[in-house]
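Below: the structure, in structure tokens.
When a ligand or atom number is given, it counts from 1 through the structure's own listing order.
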Amino acid sequence: MLVAVALLAAAPAVAVPDAEIRAAAERIAPAVVTVRRALHAYPELSNREERTGRLVAERLRAQGLEVRYPVAKTGVVGILRGSRPGPVVGLRADIDALPIEETSDLSFRSQVKGVMHACGHDAHTAILLGAAEVLASLKARLPGTVVFLFQPAEEGAPEGEEGGAPLMVKEGALDDPKVEAVFGFHVGSWVSAGQAGFSDGPIFASSDRFRIEVAGKSVHGAQPHMGIDPVPIAAEMVQALQLIVSRQIDGRQPRVLTIGRIEGGTRFNIVADHVTMEGTLRTHDAAVRAEIKSRMARTVKGVAEAHGTTATLRFLDEGNPPVVNDAALARGVGIPALRRVFGEGAVRVEPQMVAEDFPFFGQKAPYFYFLLGTRNDAKGIASVNHTATFDVDEDALPLGVRAMATLAWEFLARPR
Ligand SMILES: [Zn+2]
Ligand SMILES: [Zn+2]
């Protein structure tokens with residue numbers, strides 16, 4: 001009897017049921033497309049995803065999952081407990097849309113004026129609901145627990161509101177049961193349909209939104225010496241900020257600093273009273289990010305002082321950390337799982353300078369994030385995310401379902 005127990009304990013972990021996952025994903029593929037189109041037609045802005053959240057909660061309940069709703073305002077947490085004991089894994093999808101007017105003529109185009117699923121979060125939501133259905137159908141063999149995280153406000157909560165991944169974490173979405181690893185993804189034109197892009201290190205950048213106010217003293221444009229003209233001071237600041245990224249940071253480190261908005265003055269012959277500038281900072285490394293931020297403060301203060309005025313630099317929120325995959329999780333689980341689904345179509349990609357709030361989940365557990373290819377030039381689907389003609393090749397949706405289900409299973413079943 002003791003021998004039998006010992007043998008049982010040493011038995012190999014439950015293998016990933018690739019064929020069953022594939023068959024289930026293909027069976028529900030039309031339903032996944034229907035859900036994606038329904039979401040696409042009724043997009044909702046960040047922290048306003050009422051209808052989307054309700055739809056997700058209802059569908060998870062119909063699959064027999066435990067559901068917590070609402071979480072982080074309009075988000076949903078679904079818990080699927082497998083019949084076999086094992087660890088806990090989290091799978092995440094973001095659910096919000098963008099303030100963009102859709103210009104395509106798709107039959108399921110946005111019915112909400114000025115709002116559009118231009119980042120593909122409709123596809124993310126439909127895919128994760130599909131993965132929940134696939135894994136629920138295999139629950140009898142599932143060796144552990146899967147926590148489905150449907151997160152609002154990835155694109156940024158309205159000013160003054162909390163939201164997104166940080167609020168999901170704050171409200172304990174990963175705490176009960178305690179999630180041991182999180183997997184997430186993004187659709188887009190970076191990779192072709194049929195492929196998945198991975199990295200075992202950085203894959204997306206950090207992003208910090210900032211505002212600079214330069215104080216001036218308004219006088220007649222003919223007598224600038226009697227006031228303080230903030231326009232040339234702001235111009236010097238723009239140049240000096242570019243010198244930080246080009247001259248003061250190691251050239252091997254990716255970084256971008258963009259001033260996207262500059263505003264000041266009222267009339268051609270009046271010295272402006274103040275100048276406001278806004279911009280974004282992107283890096284792939286937490287230390288580089290911190291270094292540039294502190295040098296920006298020094299530069300803004302120094303340039304202002306040199307011209308006898310003051311200026312303030314303010315980062316408007318806590319910003320997104322860079323998305324840096326846990327190397328061990330990537331090599332041990334993430335990349336092997338993607339190879340099971342995509343074969344040679346799983347390709348290593350260069351990190352992008354776009355950003356995402358997914359790494360906040362990393363405060364609680366290691367994570368792996370990948371790119372699901374949805375570009376298809378032959379079908380004319382090539383617009384980039386955040387444009388009025390963005391679309392995804394729906395033939396990639398079942399691959400996304402398989403990828404998320406396989407990642408979860410691969411993590412739960414790995415020997416430990
Ligand atoms: Zn986006
Ligand atoms: Zn997005």
Side-chain angles (χ1 to χ4, degrees), residues 36 39-40 43-49 52-53 56 72 74-75 91-102 104 110 112 114-129 149-158 163-168 182-191 193 196-197 199 202-209 256 258 260 280-282 316-317 319-323 325 349 351-362 367-375 381-394 396-397 400 403-404:
R36 184 254 159 170
L39 294 170
H40 192 89
E44 296 175 302
L45 292 173
S46 305
N47 273 357
R48 304 290 182 270
E49 309 91 334
T52 308
V56 168
T74 58
L91 302 180
R92 176 271 206 169
D94 39 10
I95 65 174
D96 56 327
L98 284 161
I100 292 177
E101 176 78 21
E102 184 162 23
S104 72
S110 173
V112 183
V115 184
M116 175 192 174
H117 267 297
C119 203
H121 300 181
D122 51 340
H124 296 174
T125 306
I127 284 170
L128 195 57
L129 282 170
L149 303 156
F150 290 88
Q151 178 216 305
E154 189 285 319
E155 301 288 359
L167 192 56
M168 293 284 284
V182 191
F183 295 91
F185 70 104
H186 212 295
V187 297
S189 57
W190 301 287
V191 188
S199 160
I203 186 157
F204 274 8
S206 65
S207 71
D208 289 288
R209 180 179 166 195
V256 170
T258 293
T280 182
L281 169 67
R282 309 289 170 119
L316 297 186
D317 48 40
N320 292 320
V323 184
N325 284 330
V349 288
Q352 309 290 320
M353 295 316 288
V354 295
E356 149 70 288
D357 72 358
F358 180 72
F360 282 99
F361 293 116
Y367 63 77
F368 176 77
Y369 185 86
F370 70 99
L371 305 180
L372 176 67
T374 51
R375 180 192 183 103
I381 300 170
S383 295
V384 299
N385 301 55
H386 289 213
T387 62
T389 52
F390 179 75
D391 192 15
V392 302
D393 182 359
E394 291 175 331
L397 300 185
M404 290 306 271

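- Among the backbone and side-chain atoms of His124, no N/O/S atom is found under 2.8 Å from the Zn ion (ligand 2).
- In summary, Glu154 places no N/O/S atom under 2.8 Å from the Zn ion (ligand 1), failing the contact criterion.
- Salt-bridge formation is not detected for the pair Asp393/Arg36: no Lys NZ or Arg NE/NH1/NH2 atom is positioned less than 4.0 Å from an Asp or Glu carboxylate oxygen.
- A salt bridge links Arg92 to Glu356: at least one charged side-chain nitrogen sits closer than 4.0 Å to a carboxylate oxygen.
- If you put the vertex on the Zn ion (ligand 1), OE2 of Glu155 and NE2 of His386 sit 100° apart, to the nearest 10°.
- Leu45 meets the side chain to side chain contact (heavy atoms under 4.5 Å, CB included) test with Pro99, Val115; sequence neighbours excluded.
- Under the 30°/60° scheme for interplanar angles, the aromatic rings of His117 and His40 are found to be tilted.
- Restricting His121 to its N, O or S atoms, the one at the least distance from the Zn ion (ligand 2) is NE2.
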